[in-house]
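No experiment lies behind these values; they were computed from the predicted model shown. Every chain is numbered from 1, with letters handed out A, B, ... down the list of sequences.
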There are 2 protein chains.
Amino acid sequence: MPTEPLSRRRIVAAAIGLIEREGADAISMRRIAADLGVGVMSLYNHVPSKDVLLDGVAEAVLSKIEFTDDPDAHWTDRVRLQARAFRQIAHHYPRSLMVVVSRQLHSAAGLLPVERALATLRSAGFGGADAVRILRMFIAYIVGSLLREVGVTPTFAPVHTRMIKADSVDAALFPEVSSLAPLLDECDHEAEFEFGLELLIQAIVAHSARSR
Amino acid sequence: MPTEPLSRRRIVAAAIGLIEREGADAISMRRIAADLGVGVMSLYNHVPSKDVLLDGVAEAVLSKIEFTDDPDAHWTDRVRLQARAFRQIAHHYPRSLMVVVSRQLHSAAGLLPVERALATLRSAGFGGADAVRILRMFIAYIVGSLLREVGVTPTFAPVHTRMIKADSVDAALFPEVSSLAPLLDECDHEAEFEFGLELLIQAIVAHSARSR
DNA sequence: GAGCTTGCACGTACGGCGTACGTCCGTCAA
DNA sequence: TTGACGGACGTACGCCGTACGTGCAAGCTC
C-alpha cells in the first residue's frame, strides 16, 4: 500500500480539515503530521514554516469561492451574487475564517475576487476611484458580518441564552439593552446579511444617481 | 522603594503596553511578568489564565472609548460621533485591535457602546427590531473597516509598494486590478471610513423614509 | 554495474510556552 | 506567642515550532 506522496497540497488540505474539526487553536505541526501519518519534520520538505502553511490555508479557502457571474445581468444583481459567494465560505469553512481574515495575502487567489468585483463596478459605469472605494466598503461590511456570524467578533448579543435572567443592575444601567434583550439574543444571520447588503446596494445606487 | 503591589489592573496595563510595543504575537505570561519585574506564577494570583487576561485586555481597551454624546443633536450626527469614537481605539491601540475583535465579552464594558447606540436609534424613532438590525450593520462595517485599517485583513491592495513592477502575467489575468493598481496601493483610511459611514447613514435615512 | 548526486522522510534536541503544584515568608487576629 | 492566611516565587510537565544531521532510495554519468 504505497501511500500517496506528501505534498504541499495534501498538507494544506489536512490543515484545513484539522481546523474545521477541532478549531483553529488546535492546529500544530505535530497534529497535522500525525493526521497524515508522517513525521513532523517531513512537513518542512514542502512548507517552509507554519506561517506560510497558514497562508496556504487562507489561499486555499479563498480559492474555493464559487463565482457564478452573469455578464448580462444588472450590476446590482451581480454584486449581490458576488457578496453571497463570499459568504458561502463562512459556511463551508467557518473555523478557518479567522485564519483567512487575519493574514493578508499577495497571491492570485486573493486577487481574483477583487478583479471580478472591480470589473463589475467598472462595467456599471463607475470610475476607477469610485469602484475602489465602493469595493473597500463592501469588503469591510462583508468581513465584519462574517466575523459576527462565525461568532468570533463581539456579537454584542451579550449573553447568548443567558440574558433572560439579566440581573437587576443590568436593567438599571442598560435599559435599552435589557428591554431589547430578546432581539439581541437571536439573530437570523442570513436575514441580517441580506438586510445590510440591500441597504448598501441601494445606497450605492442613490450615490451614483446623485453624482452624475 | 516599595513597588506598587501586583494587581489585575497593573497586569492588564502591562499586557496592553507589551502588545502595543511588540505586537500581539509577542505576548506571553513570561514576558509580562518580566516587564513587571515579577515571577511568572505571581500573575496567577490575580488572573486565572492567559485567556481571561486577554479578555481583560479587550475589556480595558473597549472601556477607553470616549463618547461625547450630545442628546440634542440630530441622530445622524450622534451616530457619526459614536462611529468615530469607536474608530479612535484603532488608532490608540492598533495592535490590540485584533485581540478585542477576536473574543466576545459579556461584560459591562462591551455593553456600554451598545446601550448608547440603541438609545440613539430608538430616540430617532426606530423600532426595536430596526434599531438592532441597523446597529448590527454599523458594527459589521466598523469592525471590517478597522481590521483593514490596522492592516490585518486582506487589504486587497495586493502589494503595498510592490505593485509598480507587476509582472506581465498579472496584467493579463487581472486587467482591472493592474490598471487600478495605483488606486489600490494607496488608501486614505480616514476618507474611506467617512465615505462608507456617510453612505450608510444616508441609506438608513432613505430606508426609514421609505418605510413610514 | 560502480560511484555519485539528489530528494525526501525522519529522529533528536533546543528554547520557549501555559500552568499545576508546593514552598516560603510577611502580616495580622486571638 | 501562635496560628492562619494571602501572595510571591521556583520547579516541573507536557506541549509548541523548528534547526540540524542521518539514512535510504531513485536516477544520473562513466
At their closest point, which heavy atom of [X] faces which heavy atom of [Y], and how far apart are they?
X: Ala60(A); Y: Ile16(A); answer: CB-CD1, 3.9 Å
X: Gln82(A); Y: Ala117(A); answer: OE1-CA, 3.2 Å
X: Val177(A); Y: Leu184(A); answer: O-CD1, 3.8 Å

Can you give the first and last nucleotides of DNA chain D, 5' to 3', that have an atom under 4.0 Å from a heavy atom of chain A?
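So the contact region on DNA chain D extends dC16(D) to dC20(D).
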Just the rounded figure in Å: distance from [atom2] of [N] to [atom1] of [X].
X: Ile32(B); N: dC17(C); atom1: CD1; atom2: P; result: 11 Å
X: Arg30(A); N: dC14(C); atom1: CZ; atom2: C1'; result: 11 Å
X: Arg10(A); N: dC8(C); atom1: CZ; atom2: C1'; result: 14 Å
X: Arg8(A); N: dA9(C); atom1: CZ; atom2: P; result: 15 Å

For Gly37(B) and for Ile27(A), find the nucleotide of DNA chain D with the closest heavy atom, then tell me which residue's nucleotide is more 5'.
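Upstream on the strand: Gly37(B).
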Any side-chain heavy-atom pair from [X] and [Y] closer than 4.5 angstrom?
X: Arg31(B); Y: Ser28(B); answer: yes
X: Glu115(B); Y: Pro175(A); answer: yes
X: Glu22(A); Y: Ile27(A); answer: no
X: Glu20(B); Y: His92(B); answer: no

Sub-4.0 Å heavy-atom contacts from residues 38-53 of chain B onto DNA chain C, ordered by number:
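The answer is Val40(B), Met41(B), Tyr44(B), Ser49(B), Lys50(B).
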Could you walk me through whether Glu59(B) and Arg103(B) pass the side-chain contact (heavy atoms from CB on, under 4.5 Å) test, one step at a time?
CA-CA 10 Å; Glu59(B) 186 179 321; Arg103(B) 58 194 53 237; over 6 Å; no
